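All residue numbers in this chain count up from 1 along the given sequence. In this text, all values refer to a predicted model and were calculated from it rather than measured experimentally. Whatever order the structure lists them in is the order used to number ligands and atoms, beginning at 1.
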Amino acid sequence: MRVVVVGAAGRMGVAIRAALQVWPQAKLVGAIDRLPSEQQGITTDLEAVLPGANVMIDFSSPQSTAKTLAAAARHGVAALVGTTGLGSEALAAAHAAAVKVPLIIAANTSLGVTLLQELVRAAAQALPADFDIEIIEGHHRHKKDAPSGTALALGRAAAAGRGQTLESTMAGDRRGESARQAGEIGFAVVRGGDIVGEHTVLFAGAGERVAISHQATDRAIFARGALQAASWLLGRAPGRYEMSEVIGLKSIS
Ligand code: NAD
């Protein structure tokens with residue numbers, strides 16, 4: 001596996017480059033960020049390194065992903081995008097890129113969270129609709145987007161389990177005096193310190209509660225999951241794939 005890392009100087013970029021050093025048969029062929037860093041071998045020209053790569057791993061910023069995806073597609077390089085908070089431009093670029101290369105966009109590349117997502121879908125499908133669904137997430141004080149991309153993905157999984165979409169079920173702002181609406185999916189966000197990532201999906205019924213949780217204690221889990229997904233993509237036909245396919249669970253139903 002010949003890997004280009006975009007966002008190489010960031011928290012995740014550093015974790016991925018560390019994980020790559022012990023990943024069997026993997027080689028870093030390009031470390032790209034906004035600013036060059038000679039010490040870390042980081043450069044800024046993605047187009048220059050893509051010809052030597054067979055997979056690009058992007059953990060940068062939502063503003064840059066549309067451009068990096070278009071470049072990967074032009075060079076026939078598979079792509080694993082872990083960047084969260086992607087807007088319509090990046091999603092359109094992903095749609096176009098998936099015609100040319102295999103691609104995964106994953107708000108959370110932890111294999112544990114991938115499993116959590118599938119368990120949430122199954123629980124939402126199995127439990128009666130009068131179980132209220134609430135998603136509680138926590139991250140470090142530097143995180144910019146809220147709720148987290150993972151929390152939204154869990155919300156989508158829960159809504160899908162009920163045959164609905166998150167757009168039609170996501171609770172609005174809870175401040176003020178209005179009571180909880182039946183069937184809505186609520187989100188609560190904690191930001192502070194160095195929390196790596198915590199997610200709980202609560203199914204609260206009358207007389208019982210089910211909580212399904214995941215705690216990340218080390219950023220290395222996202223890096224290892226990203227490398228596993230990147231190697232899984234190699235040799236696949238062009239198209240959009242999911243992390244659940246990487247762990248062999250397309251969808252528990
Ligand atoms: P970070 O701010 O530490 O790193 C981002 C890096 O990307 C920075 O070094 C920045 O200079 C670089 N960058 C920004 N724009 C760029 C561009 N146009 N070209 C090249 N490099 C550019 O952030 P982080 O904690 O490493 O997270 C990065 C992204 O990954 C965020 O969107 C975050 O939410 C997401 N994330 C995803 C997962 C997952 O499992 N999918 C896990 C953790 C973080």
Side-chain angles (χ1 to χ4, degrees), residues 3-20 28 30-37 39-50 53 55-72 79-87 89-91 93-94 103-117 137-154 156 189 191 193-199 214-230 232-233 241-244 246-247:
V3 184
V4 166
V5 177
V6 183
R11 284 177 289 263
M12 278 306 301
V14 168
I16 289 165
R17 288 185 294 133
L20 259 173
L28 181 67
I32 301 295
D33 209 284
R34 272 185 299 203
L35 297 171
S37 161
Q39 203 187 352
Q40 297 187 311
I42 290 171
T43 58
T44 57
D45 190 354
L46 178 61
E47 300 276 350
V49 294
L50 279 172
V55 63
M56 176 187 82
I57 299 180
D58 179 322
F59 282 75
S60 57
S61 88
Q63 289 74 34
S64 60
T65 301
K67 235 167 67 188
T68 62
L69 273 173
L80 182 275
V81 176
T83 307
T84 62
L86 299 182
E89 198 193 346
L91 295 176
L103 166 69
I104 291 178
I105 296 183
N108 194 308
T109 50
S110 141
L111 303 181
V113 166
T114 303
L115 175 65
L116 178 73
Q117 210 166 309
E137 62 104 334
H139 282 88
H140 52 87
R141 61 165 71 104
H142 303 292
K143 185 161 179 65
K144 292 184 184 127
D145 50 324
S148 70
T150 302
L152 293 171
L154 289 168
R156 275 193 289 277
V189 173
R191 289 288 175 267
D194 59 357
I195 302 173
V196 175
E198 300 184 355
H199 295 86
H214 179 271
Q215 278 91 32
T217 54
D218 186 343
R219 206 162 264 116
I221 62 164
F222 306 122
R224 287 196 298 268
L227 291 179
Q228 183 146 343
W232 184 90
L233 280 172
Y241 297 93
E242 306 282 338
M243 281 302 292
S244 55
V246 175
I247 63 166

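In this structure, D45 places its CG atom where more than 12 heavy-atom neighbours from other residues, nucleotides or ligands lie under 6.0 Å away.
Take T109 and apply the side chain to side chain donor-acceptor pair (under 3.5 Å) test, not counting sequence neighbours, and it matches no residue. For R11, there are no salt bridge (Lys or Arg N to Asp or Glu O under 4.0 Å) partners at least two apart in sequence or on another chain. When the side chain to side chain contact (heavy atoms under 4.5 Å, CB included) test is applied to S37, the partners found at least two apart in sequence or on another chain are Q39, Q40, I42.
Between the side chains of E242 and S244, no donor-acceptor pair of N or O atoms lies under 3.5 Å.
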Could you go through ligand 1 and note, for every N or O atom, any protein N or O atom closer than 3.5 angstrom, writing the atom names and distance to 0.1 Å, or 'none'?
unit_1   : atom_1 : unit_2 : atom_2 : d
ligand 1 : 3 (O)  : R11    : N      : 2.9
ligand 1 : 9 (O)  : G10    : N      : 3.2
ligand 1 : 9 (O)  : D33    : OD1    : 3.3
ligand 1 : 9 (O)  : D33    : OD2    : 2.7
ligand 1 : 11 (O) : D33    : OD1    : 2.5
ligand 1 : 11 (O) : R34    : NE     : 3.3
ligand 1 : 11 (O) : R34    : NH2    : 3.2
ligand 1 : 21 (N) : R34    : N      : 3.4
ligand 1 : 25 (O) : R11    : NE     : 3.0
ligand 1 : 25 (O) : R11    : NH2    : 3.4
ligand 1 : 26 (O) : R11    : N      : 3.3
ligand 1 : 26 (O) : M12    : N      : 2.8
ligand 1 : 32 (O) : T84    : N      : 3.0
ligand 1 : 32 (O) : T84    : OG1    : 3.4
ligand 1 : 34 (O) : T84    : OG1    : 2.6
ligand 1 : 34 (O) : K143   : NZ     : 3.3
ligand 1 : 40 (O) : T109   : N      : 2.8
ligand 1 : 40 (O) : T109   : OG1    : 3.1
ligand 1 : 41 (N) : G82    : O      : 3.1
ligand 1 : 41 (N) : A106   : O      : 3.0
ligand 1 : 41 (N) : A107   : O      : 3.1

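Using a 4.0 Å cut-off between a side-chain N of Lys or Arg and a carboxylate O of Asp or Glu, E89 and K67 do not qualify as a salt bridge.
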